[in-house]
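Remarks on the structure that follows.
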Amino acid sequence: MRRRSASLLGLAGLLALPLTVMPQAQAADGLVSTGKAATASSVETSAFGPGLAVDGSTASRWASLEGVDPQWIRIDLGANHTISRVKLDWETAYGKTYRIQTSADGSTWTDVYSTTAGDGATDDLTVSGSGRYVRMYGTGRGTPYGYSLWEFEVYGAPAGGGGGGGTAVPFGSHLKPYAAGILKPTGSQAAIDQKVVDYYNKWKTAFVRQNCGNGWYQIISPDADHPYVAEAQGYGMVVTATMAGADPDAKRIFDGLVKWKIDHPSAINPDLLAAEQDTACRSVNGGDGATDGDMDVAYGLLLADKQWGSTGTYNYKDLALKHIAAIKKDELNPTTKLLKLGDWSSSGDQYYYISRTSDWMVDHFRAFRRASGDTTWDAVRTAHQTQISRLQSTYASGTGLLPDFVVDTNTTPKPAPGQVLEDPNDGAYWWNACRTPWRIADDAVTSGDATSLAAARKLNSWIKTKTGGDPNKIAIGYKLNGTQIASGSEAAFFAPFAVAAMTDPGSQAWLDALWNKMLATPVDTGSYFSASIQLQVMITASGNHWVP
């Protein structure tokens, strides 16, 4: 589409806001938006990512989906700024009704400009405001197309106070770089980030709920035994805290999940989360806790403390420390230093020396140690890493695969000999262990730890060879010797290998193939499990996973 000539006639519909419109800003103003992180509500295609509106070039542009209102594009300036001028260089697809908004935290927005009679071309606006984030929020298109900007320029100056108490690590800021040599998918960072935002928005629509009132948010689990399970709530807390800045509602959703956690305590340890709730939002099956959910709940609370601080409605840090202490007390075997299945298993029962490998979240152990100062978590981390290496070398020397469950953890840990909790394949790489390449490699990419890197690379080398570099050939489950259990393709099984691929400098083409496979796989609205795993893998692959 042809670019239009400049005009200021669109200002006729200006609402009564404290600003004036002038072709030039004050001489002291500086352009502060070029090259900054940008996200958007949507993109027309990957060729029109939001980063192209802040790249300093009028030959490239952002474009939203066509025919859909509202739409927005947001710039993260990285710190609090006074904002005095905003310049919009519209492509033919312009906004007729739109607002310019600022925010300190990416969640609460203040209008500094609004019009109902925009005519496109170039809008050069003198405004008065402050914030870390600036966005164009369009509610009425001027054409049948979408919204499209050649450039979105913000002028101002850094203000005191840094981020103004807002989001400390907004999605897309990449303030927490990975270890040296870690790969990312091929392409511009802005386009990669936008793909994650797009998938997140679809995941959010499919699974985030506000049922039963009481201020609760929940992650619904249509493929689980009950509509609400702790694992899903843990995923939701980690995801929403990480997506803060990209989602203006992130903190509100997170606080609703926190309220759910507080109001559904485990019957055994009230600082933990009851594992299952029914359609009436009542805890069922004894109301005890599950380790996998509790690990992510604690981790999510630590993320929230770093993102937003703990002086608001909820003291995230205090809740996190209580949750971590409760995991140590009732979900950690004090003898083996390996995680138990839940707080319901106690000394003397048949499950006391069984552990689930997908719970072995090494980066979480690092975060718990850092937050609590408790050196026990160093020993816990070492114990789990030791068993990962030992299981790989002893029982899966050719594949590196881990079993769903490990038994006899008090003597010589080994894969479950058959069904010990869930399935005849409890000793195979099945619906629990499918997450282990992601969990292991999350630590490898963020810490650069040699043990985690070796374990992830072993898995990556095997699956890349097994499939001939074709992610469509990743099966649903394997015996530890690599024998396929079931055919088909499932995100819970293929997506986690993408994080393992990031650890191998020789696997760029393989990582790209896995990334493209994920992009081609729509959100399965019937499976919170697969969709939530793929989303978290995409967050890591895009460079946005970080350890509090």
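This one's a predicted model, so the numbers in the text were calculated from it and none came from an experiment.
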Other residues, nucleotides, ligands: >12 heavy atoms within 6.0 Å of K36 NZ: yes

4.5 Å side-chain heavy-atom contact, Q218 and I220: no

Closest non-hydrogen atom pair, L273 against H264: CD1-O, 3.3 Å

Non-neighbouring partners of W203 that pass side chain to side chain donor-acceptor pair (under 3.5 Å), sequence neighbours left out: S532

Pair listing, salt bridge (Lys or Arg N to Asp or Glu O under 4.0 Å) test, anchored in residues 184-196, at least two apart: none

side-chain contact (heavy atoms from CB on, under 4.5 Å) partners of A244, counting only residues at least two apart: T167, A250, Q307, W308

Salt bridge (Lys or Arg N to Asp or Glu O under 4.0 Å) involving D76 - partner list, sequence neighbours excluded: R132

Residues that R135 engages under salt bridge (Lys or Arg N to Asp or Glu O under 4.0 Å), provided they are two or more places apart: none

Check: A79 main-chain N/O paired with H81 side-chain donor or acceptor under 3.5 Å: yes

Test side chain to side chain donor-acceptor pair (under 3.5 Å) applied to T39 - qualifying residues, sequence neighbours left out: R74

Partners meeting side-chain contact (heavy atoms from CB on, under 4.5 Å) with K259 (sequence neighbours left out): N214, W216, D263, Y314

Partner residues of A280 under the side-chain contact (heavy atoms from CB on, under 4.5 Å) criterion, sequence neighbours left out: D278, R282

Minimum side-chain heavy-atom gap E231-S221 below 4.5 Å: no

Residues, nucleotides or ligands: over 12 heavy atoms within 6.0 Å of D225 CG: no

Heavy-atom side-chain contact between I533 and Y235 under 4.5 Å: yes

Any residue meeting salt bridge (Lys or Arg N to Asp or Glu O under 4.0 Å) with D296, in chain and number order, not counting sequence neighbours: R439

Parallel, tilted or perpendicular, as decided by the 30° and 60° cut-offs, for the rings of F493 and W431: perpendicular

Side chain to side chain donor-acceptor pair (under 3.5 Å) partners for W260, two or more places apart: none

From CA spacing to verdict: side-chain contact (heavy atoms from CB on, under 4.5 Å), E44, Y145: CA-CA 10 Å; E44 181 181 345; Y145 301 107; over 6 Å; no

Partners passing salt bridge (Lys or Arg N to Asp or Glu O under 4.0 Å) against K251 (at least two apart in sequence or in another chain): D255

Test item: W546 and L175 side chains (from C-beta on) under 4.5 Å apart, heavy atoms: no

Minimal non-hydrogen separation, G129 against V112, with atom names: CA-CG1, 4.1 Å

Within 45° cone and under 6.0 Å: R141 NZ/CZ vs Y147 ring: no

Heavy-atom closest pair, residues A206 and V523: CB-CG1, 4.3 Å

Counterpart residues, side-chain contact (heavy atoms from CB on, under 4.5 Å), relative to T503 (two or more places apart): A441, A444, V445, L453, A456, R457

Aromatic plane relationship, F254 with Y316 - under 30° parallel, 30 to 60° tilted, over 60° perpendicular: perpendicular

